[in-house]
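See below for the structure under consideration.
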Amino acid sequence: MSFSSDGGLQAAFDATRCLPERRPIFESLGRHWVLEVHPWSSHRLATTITAILLRELIGYRVAFNPTENPRGLYERLQKVYQEEEVAHALLRRGENFGYANMEVWNTRIEASQSVAMVDAGAIGYHGYSGWWVSEGFGRNESYALPPEFYRAYDVRHAGNLPLWEALRNNSNVSCSSRCCCADCARSCAACDEVHWCPTGHEGQVLPAVLAMPGVDEGFNEEIAQSHGFRFGLRYLRPRRYAQLAMEALSTAAPAIVHMWHPSQLYTRLRLLQIPVLRLTLPRDQCVSNGLDALHWSCDFPEQEMRKFLSLDAKADSVALNFFSQFALQQNSGQRASAAASAESASATSGLEGAGMEELLGALLAGAAERPSDQDVVRVACSWILENEAEWSKWAKPREVPFYADTLHSWYPFPSLAALLLLAVGTMALLENPCLSTTLSVREWRRILRKNGAVWRSDVELKLRKNLGDSPVSPASASPRRNSSQVSQVSLKQDWEGLAEKSLRRASEFWNRADRWVAEAQWRTPAGDAAQAEASFVSFAHHSFPCFQHSKEAVVFLRRSRQESKLEVEVVVEASEGGAKADKDFYPQSHSVVFSPGQSEAVLRIPVVHHQDCWQNSYWFQARLGSLRDPMAVKAAPAKATIWVFDEDTWPANIPGHMRTGQGISLMRYFIKADRSRRGDKWTKTMIAMVFLPVHSVLVSTLVQKTLVDHAIGRLIGLNSTWGYLECVLLVLVQLLSLGLNRWADVVQTRNRGRTGGIRQAHRSDMIRKFMHLERNEYWEATDADWLYAAIYDVDIITGKAYFQVFVLAQSCFALLLSVLLVTGLAVWSYLEQADGASTVVGVQTAWYVTGVLAMIVAGFFGVWIRMKIIWVAVLARKKQECRWFKSCVWVFTSWRQFTGLLQSEKAQIEARVLSQNASFVPAHWDARDAMNDTAWITHWIQGVAYCLMLAFGSFALAEYQAYGIGAMEVGTFYALCKIYLSVGKYIGRLSNTFVNMQQAIVSLRDVAALLNQTCQRSQRQEAARLSKLRSYKSRPGTISGILRFQDNLCFMRPEHFKVGSTFSELRLRKGCCLPLGRAIHVSARNERVLRSFLGLAAQVILPTGPLGEEASLKTPSVLVPPGLTLKMLPTVPVTFGTGHSTVEQLSFTGAPLELCEALLAAVGLDSREPQSLGPGSSQVFSICRALLVDPDVLCAFRPLALVPLDVKPQIATLLRLWQGGGGLPGIAAALGFAMDSEVYRPKARTLILGNSAGDLPKLPALDEHLDLDAILWCDESSPRARAVVESESVPSSSPPRSQSQQSQVLSPTGCCLGRRLRLP
């Protein structure tokens, strides 16, 4: 059990070289390990083998720390030593070393859960102890008990007394005194043995068990006083214990010996073939004298020997890997018999595959009485020499691929070049053929060519004096002009008026017009002969409104003759009204049959009802197709507009009570509506936005964590080749995730629709809503409200409500991923705690600092080279948006001039604005992609740099962790990762999202109020009336050929709608009838009242109740025969702000372009921009536009008031020619254009003029006169009112006149008040 004093194990170890020809794997590591050594043989053998391999295989410096105290191991692992220990001296010298114990019996040390250490696993063989007896004594029949007799043994039973006496007679202790040893004359420290007696047996002599102190202390005492044994203990010194135990077990003497395995005593008995028996102790009644059964065992435990290391092993992966794999077996299983082992004990050969039992046998076989430390070293060397295949796996040689060898002189340039080529190839593949972004050369050049590479605005070029230092616009757009290239503008054009220009350009036209006027003065209007012979077929009216929820539109057709059956084809098709075929209606042809005697037919056209989907009012058209009767002729109106009105509210038909809350419901319905509007694009955007954090939060973190903890920390220790390949694969995964992240970014950028899909769509809805309001409805909200809402509020709800939904989802998902990852990392860090010590980062870190600087420089350079394309794209977008903005401003601020526009003209204006929008959106796409792709240059650089940092950082980290080369620690690696990743950005995004949504709710309320304003009330009333009719009926009192004003007709405005009116309030005392097909001259002293009268005649404004309330079907009104088109010439000259020339604007009327150009030339106007026209020219332009529309009734207040004097006679002749000469076809014929039409329309037009007597050439046969003052209501107490009453009460002797004749009389009396009237 003990060793001879021959210089100690350290001296024997230092003097021996087991592998002199083998070079250590790491000669330059220079690390130091201290191994704990105990006296027992198995511990010294295992420790010596470990020390030899650490020194000669790996290259460590090794020292031994001998100790005889198994307890206190945890303190020694924490570098707390006794002064006499070797490790204490090393620590005082300031050396840094690791500490290890290669064979630990858990029952021989004091456990402490608060001490941090490294458990390197089991050593491979087990240790167990117990009480042993010789086989002769155990099977002695005189005691009539088998070897398991101690399960039934109890000294209190009389049958067991002989055994107890035999044991006491052979080996005993005296409990009569308190002496600690047999010889009370000596001190306990000098005793060779120490006695122990259980309590309560003072003065008795008890049988004694032979044992050694310090081994299983506590277990022996507890078992000896339990089970009714009444045994004492004799603790002997090692030499005395070995002698007495060998004598007791080699004979059949009645003695009990405490022994353990592996040990020299057990191995010697096995070699000498001395049979021994281990006593089986009882397991019932194992509680004794106040001891708890939960705190001690009934028998000696069998233990798994383990290896404990200090925390230094975590910083030394080579040592940790070696200690973790170090293992010695219990025995080889190849020994045939103990006798064969004894015969070969003289030599140390034959240890191939040997376990601890064979090692102990070899140790005892080569020694005389006591093995020395030289014998331990000799046996350990023999085992190492014969088991190279086993221990060579515990420390692998350095196998580093060429691309990861940090010691190579060319590192890292080959790998850097390869990864850069791979990254550039990936970028080129993604940006060019896959995504076709503006980073591709093709798209880059396309934008430059598309916009002429102009990167300075016209404003800047005009204000700069020196233009030679910068690119300029094309020559045609340059503000500079060469005086030599100035066109010699004809001086005639400078002083010529419109009259001279018109006569010079169209003298033949004016000659024809003058001849017609001269002939018409003596001509009596005659009826149309064709009207009496043909059967005219037409729609009952030119428009038929309906509600969307009714799911059908009712259309009425009429014919003039009823003798025969007639089949008419009606074609339903799309027009410029916004209705989409197959979505809002079904384009098809319908067959309508008139039975004999039937003058009217009904056609019901299906309309699609969109449930809970707000829509502006829209329309499509129905036109007459083929007629199955040769005598039938199409008549006007041959086309009918089918209006469709939606009763849902914006957005998504939100209930009214939900719009008055805090805005949460309004926001929810708004998101629902836009989601329905975008469809699959919304879903794609949401998926892409949510996927974006997957790369930065999830993939990058997991790749980084896997590289550090798995690929480097584990796989390299087992298979270095696969470990390095896994590092490369993880870097490729990171690069692939970066590509997917770019793909998701392109998907969300192109599908989110913030401008073309949402912002411009809502603005278009507001434009359409505003243009479809009736005159009365414009007063409910000012034009400034509409303009502000369309420009600002729509932008707010798009950026801070619609898009914030995606940001909110993205932020929440990213935070969820972050919380899960942080929680997982926190748990992992808690379970795998390591000390926070770290060394100074070496020179290799400079590579990564250089990489950060290079990334910044490359990012700035990439943005700088994209500077020109950004300027070009943004400038092009600005120009297109500026054009659209000007048109939009004109539409919202010129609503008072819509009195001169028909719906078809409004549709043309709307189409023009939308066409500019269509030009702006692609320009925005170019600018958006240019800016976004430029930002992605830095993203690419950062992403590629991050991939390179991962690759080379992992290589350096692997070198340091596996081989101790360099200075790349785990903490440094994590710090570099954090530099390249943006941490915490989603928290800021999430907080901004809630603030933005609160701001958006205010704008949402304003937009909802405007879009939910009721529009076209008169049409909606008509739709409700038509839905109840089976046949078309005009309002009672309607007379064909007469425009009738009913008695007591009122036009009043509520108090809060009085601001900014161009129409005055009025009330008619009695009605009047205006015959159609005439020129009617209306006179009044109050011009505002006269304008209101003309507005009522043209149905620009609608009658109201006496207090300004909305009119009902019983309210006095203006009765207009069905099928007429009415138009009012604007009071103030108007030119559209959406066209590039007067010809283009006139083409909005639907007239042929050649006719527009000829008419402009005839009146002396040039084809220049509308803004260049003066007031008089603008008035001429407005008259031309009105004539090209060719309405049935044209109302005009002083149409020639602003017309230049030199051209006023020509314009008057033009109006007279239009009214009496066949309308627009008559003008076209005079200009030399033929306008053949298969649709019959009466030639005569109606022209109602206000205060314009004497302006037109007098034609008595076509003129009518009306004094408006005579029929206006006035206060009965006024003198003029009494004069009117008296004149009406005088009987007349002349015969009664017809209504038309009465209307020709200009009454000398009357009353007109342009203020709020008091009702009688």
Side-chain angles (χ1 to χ4, degrees), residues 541-545 617 641 643 645 769-781 895-903 906 1013-1026 1034-1038 1042-1058 1060-1068 1071-1072 1074 1082 1088-1131 1191-1195 1197 1248 1250 1268 1271-1273 1314 1316-1317:
H541 199 50
H542 54 71
S543 64
F544 296 92
S617 57
T641 300
W643 283 87
F645 299 108
K769 181 77 173 184
F770 189 82
M771 295 190 69
H772 289 178
L773 294 176
E774 293 179 352
R775 178 73 183 201
N776 304 32
E777 295 162 353
Y778 283 118
W779 301 324
E780 297 183 13
W895 56 272
R896 293 179 178 87
Q897 303 176 19
F898 286 177
T899 56
L901 304 179
L902 292 177
Q903 290 298 337
K906 293 181 180 180
Q1013 177 185 347
T1014 304
C1015 64
Q1016 297 185 322
R1017 290 181 173 89
S1018 62
Q1019 291 285 358
R1020 293 175 185 268
Q1021 286 184 357
E1022 183 68 9
R1025 188 181 74 89
L1026 292 179
S1034 302
R1035 293 189 61 174
T1038 303
I1042 297 296
L1043 194 64
R1044 181 183 177 189
F1045 287 75
Q1046 293 183 314
D1047 295 341
N1048 295 320
L1049 183 145
C1050 293
F1051 173 71
M1052 301 291 177
R1053 295 176 61 189
E1055 291 292 340
H1056 58 286
F1057 289 162
K1058 285 184 175 295
S1061 172
T1062 58
F1063 295 96
S1064 175
E1065 297 176 341
L1066 68 86
R1067 178 179 179 183
L1068 298 183
C1072 63
L1074 304 181
V1082 183
R1088 292 185 63 200
V1089 174
L1090 179 56
R1091 286 197 298 268
S1092 298
F1093 180 83
L1094 296 177
L1096 289 170
Q1099 293 191 337
V1100 172
I1101 58 177
L1102 300 175
T1104 65
L1107 298 178
E1109 68 273 15
E1110 185 176 345
S1112 63
L1113 295 177
K1114 297 182 180 180
T1115 302
S1117 182
V1118 180
L1119 303 181
V1120 181
L1124 294 182
T1125 56
L1126 310 174
K1127 182 177 177 63
M1128 184 175 183
L1129 195 66
T1131 305
D1192 294 307
V1193 178
L1194 177 61
C1195 301
F1197 175 77
I1248 305 177
L1268 184 60
I1271 60 176
L1272 288 176
W1273 183 92
R1316 182 68 179 264
L1317 302 179

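Without hydrogens or angle criteria, Glu1022 side chain to Arg1020 main chain gives no donor-acceptor distance under 3.5 Å. Although no hydrogens or angles enter the test, the distance criterion places a donor-acceptor pair under 3.5 Å between the side chain of Thr1104 and the main chain of Met1052.
Closest heavy-atom contact between Pro1103 and Pro1116: CB-O, 3.6 Å. Counting all heavy atoms, side chain and backbone alike, Gly1095 lies closest to Met1128 at CA-SD, 3.7 Å. Residue Ser617 comes nearest to His772 through the heavy atom pair OG-ND1, 3.2 Å, listed as atom of the first residue, atom of the second, then distance. Contact record, Ala1097 with Ile1248: CB-CD1, 4.3 Å, taken as the closest heavy-atom pair.
With contacts defined as side-chain heavy-atom distances shorter than 4.5 Å, the pair Arg1067/Leu1049 does not qualify. With contacts defined as side-chain heavy-atom distances shorter than 4.5 Å, the pair Val1193/Thr1125 does not qualify. Side-chain contact between His542 and Thr641: absent, with no pair of heavy atoms (C-beta onward) separated by less than 4.5 Å. The closest side-chain heavy-atom distance from Leu1066 to Leu1096 is below 4.5 Å. The closest side-chain heavy-atom distance from Glu1110 to Gln1021 is below 4.5 Å. Residues Trp1273 and Leu1068 have side chains not in contact (no heavy-atom distance under 4.5 Å, counting atoms from C-beta outward). Using a 4.5 Å heavy-atom threshold, the side chains of Thr1115 and Gln1046 count as separate.
For the atom pair CG of Leu1090 and OG of Ser1064, the computed distance is 10.5 Å after rounding to the nearest 0.5 Å. Once rounded to the nearest 0.5 Å, the distance linking CD of Gln1016 with NZ of Lys769 reads 8.5 Å. The SG atom of Cys1072 lies 8.0 Å from the CG atom of Leu1043; values are rounded to the nearest 0.5 Å. Atom-to-atom distance recorded for Phe770:CZ and Gln1013:CD is 9.5 Å, nearest 0.5 angstrom. Rounding to the nearest 0.5 angstrom, the gap separating the CG atom in Leu773 from the CE atom in Met771 is 10.5 Å.
Between Phe544 and His541, the ring-plane angle classifies as perpendicular under the 30° and 60° cut-offs. Using cut-offs of 30° and 60° for the angle between ring planes, the Phe1093 and Phe1045 rings count as parallel.
For the residue pair Ser1018 and Glu774, a side-chain donor N or O sits within less than 3.5 Å of a side-chain acceptor on the partner.
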**OP:** Would you please test Ile1101 and Phe1051 for side-chain contact (heavy atoms from CB on, under 4.5 Å) and show each step?
**Re:** CA-CA 8 Å; Ile1101 58 177; Phe1051 173 71; 3.8 Å; yes

**OP:** Check the pair Ser543, Gln1019 against side-chain contact (heavy atoms from CB on, under 4.5 Å), reporting the backbone distance first and the verdict last.
**Re:** CA-CA 9 Å; Ser543 64; Gln1019 291 285 358; 4.0 Å; yes

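The side-chain contact (heavy atoms from CB on, under 4.5 Å) test with Val1120 singles out one residue from Asp1192, Ile1042, Leu1126, and that residue is Leu1126.
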